[in-house]
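Here the structure comes first, spelled out in structure tokens, and everything after it is commentary.
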Amino acid sequence: MKKIILIICWVFTCFGINFNIEAQKSKQPNIIFLMTDDQRWDNMGCYGRPEFYTPNLDSLAAKSVVFDNAYYAVAICMPSRVTIMTGRYNSNHRVGFVAPDNYTLSQTDLAKTYPAMLKNAGYRTGFVGKVGFTVTENGQRPSIPKAHFYKENLGQTFDFFAGSETRPTKGLVLWPESDEALKEIYKPGRTNTGRTLKTGEAMLRFLDTQPEDQPFCLSVSFYAVKHDSDKHMYMPHFEQFKNEEFSIPENYVEGDNEKLPQVVKENARGVYLHRNRSSKPEQYQRLVRRFATQGYSVDDQVGKLIKKLKEKNLLDNTIIIYTSDNGRFQGSHGLFDKCLLYDESVKAPLIIYDGRKTVSEQSRREDALISSVDMAPTIVSMAGLKPANTMQGRDITKVLNQTQDLSQWRDAVFMEDLFLVDMFKAKNSNNPDALNQELIKNNKSYRARGVRTKKWKYFVYYEHEPKIEELYDIENDPLEQNNLANKSRYTSVLKKLREKTETYYTDIKEF
């Protein structure tokens, strides 16, 4: 028998076939989903700004499919994270910060997320980092209860867990409880470490405890790059950026931006945060140095991840997906924060590496329109499963494999913003629905929805009276500086995109 096996291997070798690679391709792949918090799409070298030093991500990107037209269906952390896990739009799952869309995620809906589906199919599942939303037996309001009960609500979904609500000091929960090495990572008082390094250590601990005969799905949600104080950074990494003069985007606005709609200028959080945090060039430089530091700390963990996968002979059968949960304005448009539907907020970095493929098979830039709602059905399909019938996104595996007829692919992505800061401030109100109606009545709502094609961006502040529309020719105005909505020559384009937006929205609500 041994001679027969050796002969077969020799025949494979003679014909140029790697026996081990072919065997790996028949196995279910391991899947690692890496997500940062508030990382603007262009804040890394592989997306055109090498001053953001990200050598490991750049190296990974060189061997991956890098998407240049990926967008968030919603660009704020809680609803975005739920959209990514469920494959459903915000207006459909209704998990968010503010009424009337401030529900928790139900156990029934959790069972149709990509981690739960892979767990039921035999995968070992892990989660490390920021959860950012709450699961309860039934969907209920408000979405931010004081206690999250992660073990009770997520224990059946994840075999390995090192997570918390919004920061590692707020409600951190670890399991398996018997894993002393995992507890040591988060032991209070550890010196010369920080939240990003701990996330990386826990990520590697998952791999060190992985059985050889079982596929795995690991979701890593870094707390970085959100926040910018010394305690949020690993300070040794700050040294290389502390004197760096970063390029300033052409649509950066010093002081107030008079071109913004009045309802945005008067009510949106990003306006007054910009005044306080990024409206002066020196403020911009300070913040971006700190975001770059945290981006580098994440990049460092990605390097350690690749090294560990190689050491354990896992890389050749592992898919790695890298993205963020939303963008960040950093002073562009005279805004700080996210949510609003300009590209700095809604455009996503997306890198997908498949260890089962050669570099020549997958190393390329891809311009197909992709939405964050596509992540769940894609991951499920990668595992050889059929996406849940509740998932509204599209499986992009054929785009990855270049077998998709792109003339039959989508020609637009839908995006929405349901966040109002006045509603968030009153999240503990006894009657949030009445307050919501009052804000709408007083014309203080800047909720928006719209579509992005390769050429056009359209969105509407639909609760304002009269409605306020914005239209941009992205091919000629990529920084969204010239609103064409009131130009008569663009009436037909405006009408078409307005109808497309409302069709998308109706389909989403009635799905």
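Treat the numbers as computed from the prediction; the structure is a model and nothing was measured.
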Test side-chain hydrogen bond (donor to acceptor under 3.5 Å, both in side chains) applied to Asp37 and Lys130, Gln294, Arg328, the passing residue: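 In the set Lys130, Gln294, Arg328, the residue that makes a side-chain hydrogen bond (donor to acceptor under 3.5 Å, both in side chains) with Asp37 is Lys130.
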
Candidate pair Tyr223 and Thr196, rule side-chain contact (heavy atoms from CB on, under 4.5 Å), full reasoning: CA-CA 7 Å; Tyr223 303 96; Thr196 301; 5.9 Å; no

Partner residues of Tyr505 under the ring-ring contact (aromatic ring centres under 6.0 Å, His included) criterion, sequence neighbours left out: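 Checked Tyr505 against ring-ring contact (aromatic ring centres under 6.0 Å, His included); zero matches.
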
Residues in ring-ring contact (aromatic ring centres under 6.0 Å, His included) contact with Tyr461, at least two apart in sequence or another chain: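 For Tyr461, the residues satisfying ring-ring contact (aromatic ring centres under 6.0 Å, His included) (neighbours in sequence not counted) are Phe459.
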
Can you check whether [Y]'s main-chain N or O pairs, donor with acceptor, with [X]'s side chain at less than 3.5 Å?
X: Asp299; Y: Leu57; result: yes
X: Asp101; Y: Gly96; result: no
X: Glu344; Y: Arg40; result: no
X: Asp354; Y: Thr318; result: no

Distance, nearest 0.5 Å, that separates [atom1] of [X] from [atom2] of [Y]:
X: Ile352; Y: Ile319; atom1: CD1; atom2: CD1; value: 8.5 Å
X: Lys454; Y: Asp367; atom1: NZ; atom2: CG; value: 3.5 Å
X: Arg410; Y: Leu406; atom1: CZ; atom2: CG; value: 11.5 Å

Please tell me whether [X] and [Y] have a donor and an acceptor in their side chains that are separated by less than 3.5 angstrom.
X: Thr293; Y: His237; answer: no
X: Arg81; Y: Ser219; answer: no
X: Arg452; Y: Tyr71; answer: yes
X: Thr199; Y: Gln301; answer: no
X: Gln210; Y: Asn30; answer: no

Lys347/Asp42 ion pair, N-O < 4.0 Å: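 Judged by the 4.0 Å cut-off on N to carboxylate O distance, Lys347 and Asp42 do not form a salt bridge.
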
Glu502/Arg449 ion pair, N-O < 4.0 Å: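 Salt bridge: yes.
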
Geometric class of the Phe161/Trp175 ring pair [parallel <30°, tilted 30-60°, perpendicular >60°]: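 Parallel.
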
Parallel, tilted or perpendicular: rings of Phe424 and Phe97 (30°, 60°):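 Perpendicular, since the angle between the ring planes exceeds 60°.
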
Geometric cation-pi criterion Arg498 and Tyr462, 6.0 Å radius, 45° cone: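 No - Arg498 does not lie over the ring of Tyr462 by the 6.0 Å and 45° rule.
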
Check: Phe216 ring centroid to Phe206 ring centroid under 6.0 Å: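 Yes, close enough.
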
Pairwise side chain to side chain donor-acceptor pair (under 3.5 Å) hits with a residue in residues 376-389, at least two apart: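 Side chain to side chain donor-acceptor pair (under 3.5 Å) check on residues 376-389 returns Ser381-Asp395.
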
